[in-house]
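Step one of this worksheet: look at the structure below.
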Amino acid sequence: MLAKIWAVFRKDLLIELRTKDSLNAMLFFGIVVLVIFNFALESIRDSIRAAAPGVLWVAFAFSEPWD
């Protein structure tokens with residue numbers, strides 16, 4: 001079973017590395033989300049530095065295309 005999972009993962013990874021379409025879109029979306037949250041949380045500046053990694057991972061999770 002692990003061999004099948006690895007084969008599918010490897011195939012999807014190779015396709016993604018060839019096209020780079022969703023990777024570019026995902027990175028751009030992550031940057032935009034960080035900038036927007038920076039303006040939204042301007043009044044609590046200390047919380048932004050603590051929340052930035054979590055906000056970035058949430059942005060990447062929501063931007064992942066589910067083919």
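Hydrogens, waters and symmetry mates are skipped; everything else that's a heavy atom, side chains included, is used.
Under the 4.5 Å side-chain contact rule for hydrophobic residues, Phe28 and Ile36 share a cluster. Leu14 and Val8 fall into different hydrophobic clusters, where Ile, Leu, Val, Met, Phe, Trp and Tyr residues are linked whenever their side-chain heavy atoms come under 4.5 Å apart, directly or through other members.
Distance CD1/Ile5 to CE/Met1: 4.5 Å, rounded to 0.5 Å.
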